[in-house]
Amino acid sequence: MVRFTLDDQEIVVPEGITVLEAARRSGIFIPTLCDDSRLEPFGGCRLCVVQVQGIPRLVTACTTPVAEGMRVQSTNEEIERRRRTIVELILSDHPNDCMVCEKAGDCNLQELAYFYDLRTNRFYGQRSQRLVKDQNPFIERDMEKCILCGKCVRACYDIQGVGAIDFTSRGFTAKIAPPFEKDLDCEFCGQCVSVCPTGALMSKQSLGKGRQKDVQEVDTICPYCGCGCNLTLHVSRNEVVRVTSRPDTINEGWLCVKGRFGYSFINSPDRLKTPLIKKDGKFAEATWEETFDYVATRLGAIKSKHGPDAIGGLSSARCSNEENYLFQKFMRAAIGTNNVDHCARL
Amino acid sequence: MPGDITINICMGTGGIAAGGEAVMSAFEDALASADIAASVKKHCAAHKVGCRGFCARDVLVDVIENGGKHTYEYIKPDMVKRIVEEHLAGGQPVQEWLVKEDYHTFHGKQVRAVLADCGEMDPEDIEAYAGRGGYEAALKSLTSLAPTDIIEELKRSGLRGRGGAGFPTGLKWEMARNEPGDTKYIICNADEGDPGAFMDRSLVEGNPHAVIEGMLIGAYAIGAQRGYVYIRAEYPLAVQRLTIALGQARERGFLGRNIQNTGFDFDIKVKLGAGAFVCGEETALIASIEGNRGMPRAKPPFPAQKGLWGKPTVINNVETLANVPYIMRKGSGWFAGFGTEKSKGTKVFALTGKIRNSGLIEVPFGISLREIIFDIGGGIEGDRKLKAVQTGGPSGGCIPASLMETSVDYESLASAGSIVGSGGMVVLDETDCMVNVAKYFLEFTKSESCGKCIPCRVGTMRLLEILTRITSGKGRPGDVELLQELSEDIKMTSLCGLGQTAPNPVLSTIRYFKDEYDAHIIERRCPAGVCKSFIAFTVLEEFCKGCMACVRVCPSGAIVGEKKKPHRIVQDVCIKCGACFATCKFQAVRKRAVYGEIHTR
Amino acid sequence: MEQRLEGILNNYLQNEGNVISILQDIENEFGYLPEDAISWISDRLDVPPARFYGIATFYSQFHLKPRGKHCITACTGTACHVKGSEWLISSLTSELHLLPDEDTTEDRKFTVEKVNCLGACSIAPVVVIDKEVYGKMSSDRLMKLVKKLEKKESEKEKA
Amino acid sequence: MTNSLAEIENNDVLFVIGSNTKESHPIIALRMIKAKRKGAKIIVADPRRVPMVRFADIWIQHRPGTDVALLNGMMHVILKEGLFKKDFIESMTEGFDEEFRKNLEEYTPENAAKITGAPKEKIIEAARLYAGSDRAGIYYTMGITQHAHGTENVFSIANLALLTGNLGKEAAGVNPLRGQNNVQGSTDMGCIPNMYPGYQRVAIAAIREKFEALWKVKLSEKEGMTATEMIPAAEKGSLKALYIMGENPVVSDPDCTHTIKALKKLELLVVQDIFMTETAELAHVVLPGSSFAEKVGTFTNSERRVQRVRRAVNSPGIAMKDSLIIIELSKRMGYEMNYPHTVEIFREIGQVWPALAGMSYARLDDGGLQWPCPTPDHPGTQYLFKGGFPRGKGRFTTVMFKPSAEQPDQEYPFILTTGRQLFQYHTGSMTRRVKPIDAISPEAYVEIHPEDAGALAIEGGSRVKVSSRRGSITVKAVVTKRPAKGMVFIPFHFKEAAANVLTSSTTLDPIAKIPSFKVSAVRLEKA
């Protein structure tokens, strides 16, 4: 454990953690656009600059490990003035079209612009020329809104192990791009979308389906493989419009292409909406009453004629524990057979 | 075989550009010709040597006989025959080609400590270096000194990093030595990126073995088994000489396994830079050696703690390392005898710009700028007025003519708003526009910014935009203050040294030359007549002889006129390249000021 | 192409180089970095092509398009700058009809590039034409050199 | 999994065998990559160059179906070099006897190399690396189990872990990764013909009596049929009715033609699903159920973690919650089920199976719990077999290598492996209805090694007819070095070119009744 002073408050934290992490744990807010505790510190946005006694320049809280006896000032007039300039510089190279931006209301940059009351900008000048069009089916890359925080690059490289994108060029012309600036061609896990602090990376399926303030979030579990990833379904007008995941779960907020983008089957027009009974080789819509009676009568007849073991049941690995429990109970208690299985082997 | 007569021919990049190779082969041919060969050749040896410093006079040739030395300047191949016949064979130096008085004043106030062997021996011959005491220090260090002894000796010498920041070398080594771990690295930073600097190039070209020996001693002191020289690919000759020297050092057992039977293993690899100024920054340099984009990372951890491949790594500049063998050989006392209280030893500078004697110089710290410019440098070219001296390249600042008594040391230059830096020293005269100079450096840092951090990536662009509008007649009141505010923010918040120092040229020019900024913004004129928006080229009919010389050189076809009749420059087509101005022998082409555009918001 | 790349790859594997040294070898071999070469090498080394592309666009030594036959490099170091390198460059681009942001002529005969500093400041301004260093350059002399090259090229074309 | 997902990153060696983790369990793969970043070494054994190979320190490309030879070869090295954990074997295991050791003798690295086609140096290196680690985890999936000798493969893996003591502790273990979101739960809940919920055997009278008392009904003593037995029974006519909830055996089961034929013979086929699947089309009655987003309940993932599922949207039309459908049917079959809310069902599960007794929806709210969790204050179980095995001691099983039943021959010269790919899921009924996924992965394909493709003059992108003794399909050729020479791979997600037309429903594992999807003999022709 290390003892240090943060804004005149003595704080004890485990060794090796950064000033930013220590501040978070103590409930002290330090702005940042490039930090994510799941990624390696980057130190690029410079918004988390703080004053450390004995160091003439400001240092970034995200890259500075706490040291015994350190005295840190997280905010004062000078620090805030410099942070404000940084936000101002970002905005001087940004479309600032918040009124039509998909990310509005959920955008870290917009929040900071509001916080620093940036109504005018001293630095309007040339904007960096970046590609907007990308024909891939999943991810909208509006690179004009990219602030080069590099979170997507780190997530893609370090977390996902793919490296589909990287920083290219340098200085003011630097941008993040797939090789040779072609369309994105990757695993489409969308990790990049999930970490992007601005509207530069968005899910194409979600565009225009409702901004964050209009959706209701429901936490649940992914319906695909056996990892058991936690999903947060974003629901608007009885439709799932977006899927995210919280970082404090077993999947640490990371999802795969199916989990993140494979949700629109829920609202598919192909969904079965009524019971169907086949008559003369064709399905006809039926009421539940008719259907239940039909099934129960037929099952009962077979059971009494051929015995319960002439009936089998296949349950589903995609149904819940409760449903599976009921299903086997139905087969065993109501039908009277152990002919019950599911698709574990396939 | 050394002969009785030694001929040293300057063959640094400067020497070669001036025709050094041709001079060399002219000497060889002349010596081989029948009548000379019989009498002289067997006593005579011609050597190529590294930079002599006074590159402006290249090709320089030394003829040394019986300890006496005659130096010839501006030698061309067709002059060689006469030198060989009259001087070598006849014993009579060719008086009119010998160097003049200013050659001696150029050297008068210099102290050649680290450059002692540079230009005096063949850099491609390890025996030449060994013959002058080379590798003695390494041998002594490896056989009879403990690593801590070396570090102590360096600390006593007061040697500070010559790359710019001036961090005490002994301390740096001690930090790396004290880090736990078996694998450590030493890196020689030869990525001399500052425009207007060629100290490191000259050293590597002129005395590569001193750098290797310095690295060997350093490796032993910190416990490194592997070293790298990260060198600019733009320096092909330096790379070539370094590679030769490494091969020779390996052959002679100063590199490789079990060096000089001491059981110590160390070897050096050359890594070529690929053209990125920011790779001079330690962490970016490491990223580059690891095969990544040269983007710096935050410190701490410092490279001495976590450097190359995550291992403790010492990164020293070429000049720093080249000093080490001399300190170890001659003692810390000898070294500390030069310089000031806090800045010990000597420093190599590249003296260039509007100076009469431009070249590579080595001076003790504490010498004044005036002594360098007027005594060593011989004053300003064309007897124009000195305006300022720019030191430290894009990270440095401009020191005005009024502060020429400033002592050249780390602290004094810093308090004058500049830095020692790696040693670039560019002299500016009254025809230089200080706003343009600031803009030049921002153009440089903007395009060399790696783009990782916002203040540097966007901030330098915005500084440049403001400077550009000032120099193009669109400056606004308040621009100077805006430049100052933004500069401070960039300095305080940037990730690495590049961004932290990028605004220095702006701040120092505002500090000393605010009147020039005001002239651009308020009066809409460029006092030095440099900024294109404020000048126009015209032909004065009464002076024009109609010789067509300007018509021929004009790349944009902006000059019209017939032979023997006065010419005229079409202003809309003129790109203001100045070719006509430079070409006209009759001073008929004149540069005049025009008013800038009316400022609108 | 594959054979040449194979050689580069072997050299890299034997000399424990890095991604940058591979790109330097490719640039030396082909005069630029062909996209196919990068795809090939990235596939062989299982290094994402994005990484190669990121590096190739970071360092100014690398080029993604073929270069001109003749390469004219103007030093823009401080010493050269104060001695008028900017004027040399504008006369060059004007003579060769290069647009802004363009460095190679349409017929790929000439490439004009700037270099930060060649470290030959004592003989500023410096221009390198096809690897030969020319010191104390003037636009007059430079135009003559360029025109000579142009003439040589057009003669070759005729022949 | 004996261990937990979070522990993966603390492994110092990961042995991934028969698992295309990066595509089939992408998020588990991320933990493996994280382990690698933290310094772990990764061994991948797979006949295909699966994406995980990029992260592997050692990649063993063995022939499909030769896992036992490979594992025995590794154990041979471990025995010979004395790398096994004597103390652990003595105190925690049984069956480490003469027979076991003798059997391993013939699996010298040379012999193992001969059988597997992998270089012996790699087998030795992998053995040393795995045995040399204190925190070595084994991860496997269907590449191990979907063989006629799948059970023996699993025994072999257990042997390896027991031999090196990598079981019953943190960041080690034997970890089968489950392919479907609640396949663990389905098994836990007793949707298997020989076990009641909680792995309680039907055949044991005392257990049966316990359930009879709880459910207040007389239960059958006879163990039931597995899914792979029910289909032939239907074909034979002994099975008359089948009730399928959320399954699509026409596409997922081996030998489609045979499956369809069998299902058509049924007197009554009831299919409960959310889409009109290929199986539902054959049904007499189709019951519209609910998707995961429309119901409450719990799923149990690979690491035995029971987590809450919550309702986000309403079901379309008059589609009903699956549990309600069962309750209603049961009532009409004369067996009343009374659960006013799903939570009641979960409570009953806790009563019948002690491992879940300590769980409640409230406790599961914060990230779920891993079973066993017997009491309300139990924190859940991060890894199994701490301090001992349920049966007393871990048992070594002598396993001999047996060649796969269907070997390539002149007529069918290629080995076909079927499996999953990243973008699609199972029979595609969900993912293929997601537009962007369908855009990126629109059709079935066969992966062919370039040399094989060259010999058959097959070009990438062209159509290829793939035939087996069961039937043939026509798919797009993807020429890639992913499969080894002589091997082809086809994903099974695509109904219009169903890979299961080619697979065999008769070569089942005798114990687990699992089909041999990883080895079928096929022939390729230009189409």
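Both the backbone and the side chain of T342(D) come within contact range of chain A, with heavy atoms under 4.5 Å apart. Heavy-atom distances place both the backbone and the side chain of I221(A) under 4.5 Å from chain D. For E229(D), no part lies under 4.5 angstrom from a heavy atom of chain A. For R308(D), the part lying near chain A is the backbone, with the side chain staying farther off; criterion is any non-hydrogen pair under 4.5 Å. Contact annotation for D293(A): both backbone and side-chain heavy atoms come within less than 4.5 Å of a heavy atom of chain D. With a threshold of 4.5 angstrom between heavy atoms, K222(D) approaches chain A through its backbone and through its side chain. Heavy-atom distances place the side chain of I327(D), and not its backbone, under 4.5 Å from chain A. Both the backbone and the side chain of Q160(A) come within contact range of chain D, judged by heavy atoms closer than 4.5 Å. Neither the backbone nor the side chain of I231(D) comes within contact range of chain A, judged by heavy atoms closer than 4.5 Å. For C222(A), the part sitting under 4.5 Å from any heavy atom of chain D is the backbone (N, CA, C, O) and nothing else. For S4(D), no part lies near chain A; criterion is any non-hydrogen pair under 4.5 Å. Heavy-atom distances place both the backbone and the side chain of L299(A) under 4.5 Å from chain D.
To the nearest 0.5 angstrom, N338(A) atom CG is 10.0 Å from E221(D) atom CD. We find the CE-CG distance between M230(D) and D341(A) to be 5.5 Å, quoted to the nearest 0.5 Å. Taken from OG1 in T220(A) to CZ in F299(D), the straight-line distance is 6.5 Å, to the nearest 0.5 Å. With values rounded to the nearest 0.5 angstrom, I250(A) atom CD1 is found 8.5 Å from I28(D) atom CD1. A distance of 9.0 Å separates OG1 in T297(A) from CE in M333(D), rounded to the nearest 0.5 Å. C189(A) contributes atom SG, which lies 7.5 Å from atom CG of L30(D) (distance to the nearest 0.5 angstrom).
The environment of CD in E281(D) is crowded: more than 12 heavy-atom neighbours from other residues, nucleotides or ligands sit within 6.0 Å. Under a cut-off of 6.0 angstrom, the local environment of CZ in R37(D) is crowded, with over 12 non-hydrogen atoms contributed by other residues, nucleotides or ligands. Within 6.0 Å of the NZ atom in K36(D), the count of heavy atoms belonging to other residues, nucleotides or ligands exceeds 12. Few gaps surround NZ on K204(A); more than 12 heavy atoms of other groups in view lie less than 6.0 Å from it. Shown here is E239(A), whose CD atom has more than 12 heavy atoms of other residues, nucleotides or ligands within 6.0 Å. Heavy atoms of other residues, nucleotides or ligands lying less than 6.0 angstrom from NZ of K273(A) number more than 12.
Across T249(A), D219(A), N230(A), a single residue satisfies side-chain hydrogen bond (donor to acceptor under 3.5 Å, both in side chains) together with Q307(D), and that is N230(A).
With respect to chain A, the highest number of heavy-atom pairs below 4.5 Å among S323(D), P316(D), A439(D) belongs to P316(D). Note on V217(D), V343(D), V285(D): by heavy-atom pairs under 4.5 Å with chain A, the leading option is V285(D). For chain D, the option among C256(A), A301(A), A310(A), S320(A) with the highest count of heavy-atom pairs below 4.5 Å is A310(A). The greatest number of non-hydrogen atom pairs below 4.5 Å with chain A, out of T431(D), I349(D), D188(D), is found for I349(D). Considering only heavy-atom pairs separated by less than 4.5 Å from chain D, the leading option among N267(A), I159(A), T291(A) is I159(A). If you tally non-hydrogen atom pairs under 4.5 Å between each of T337(A), D309(A), N251(A) and chain D, the highest count goes to D309(A). Note on R432(D), M320(D), E223(D), M142(D): by heavy-atom pairs under 4.5 Å with chain A, the leading option is M320(D). The greatest number of non-hydrogen atom pairs below 4.5 Å with chain A, out of A319(D), P249(D), G368(D), A312(D), is found for A312(D). With chain D as the partner, the residue from A286(A), G161(A), P308(A), P223(A) showing the most heavy-atom pairs under 4.5 Å is P223(A). Contacts with chain D were tallied for Q205(A), E187(A), Q216(A); E187(A) has the most, counting heavy-atom pairs under 4.5 Å. When each of Q180(D), R310(D), M195(D) is checked for heavy-atom pairs under 4.5 Å with chain A, Q180(D) comes out on top. In terms of heavy-atom pairs under 4.5 angstrom with chain D, the leader among I277(A), N238(A), V235(A) is N238(A).
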Q) Going through the distances and angles, do V162(A) and K22(D) end up as a side chain to side chain contact (heavy atoms under 4.5 Å, CB included)? A) CA-CA 11 Å; V162(A) 168; K22(D) 193 86 173 65; 4.2 Å; yes

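Contact check for Y339(D) versus L326(A): side-chain heavy atoms found under the 4.5 Å cut-off. Proximity of V218(A) to R311(D): side-chain heavy atoms (C-beta onward) are nowhere separated by under 4.5 Å. Side-chain contact check for F188(A) versus P436(D): every heavy-atom pair is 4.5 Å or farther apart. Side-chain contact check for N324(A) versus P197(D): every heavy-atom pair is 4.5 Å or farther apart. Looking at E247(D) and H342(A), their side chains never come closer than 4.5 Å, going by heavy atoms from C-beta outward. Within the 4.5 Å cutoff, the side chain of V270(D) has no heavy atoms near those of the R298(A) side chain. Under the 4.5 Å side-chain criterion, counting only non-hydrogen atoms from C-beta, F265(A) is in contact with I274(D). Looking only at side-chain heavy atoms (C-beta outward), M276(D) and D270(A) stay at 4.5 Å or farther from each other.
Ring geometry for Y325(A) versus W215(D): interplanar angle over 60°, hence perpendicular rather than tilted (30 to 60°). By the 30° and 60° cut-offs, the orientation of the rings of F138(A) relative to F423(D) is parallel.
Salt bridge absent: E322(A) and K295(D) never bring a charged side-chain N and a carboxylate O closer than 4.0 Å. With respect to the salt-bridge test (charged N to carboxylate O, under 4.0 angstrom), the residues E294(D) and R271(A) qualify. The pair E23(D)-K258(A) fails the salt-bridge criterion, with no side-chain N (NZ, NE, NH1 or NH2) lying under 4.0 Å from an Asp/Glu carboxylate O.
Using modelled atom types, one side-chain atom of R318(A) and one backbone atom of G246(D) make a donor-acceptor pair closer than 3.5 Å.
The ring pair (Phe, Tyr, Trp, His ring centres under 6.0 Å) pairs that include a residue from residues 227-252 of chain A number zero, where partners must be two or more places apart or lie in different chains. For residues 272-299 of chain A, the set of pairs meeting the ring pair (Phe, Tyr, Trp, His ring centres under 6.0 Å) definition, not counting sequence neighbours, comprises W288(A)-F292(A).
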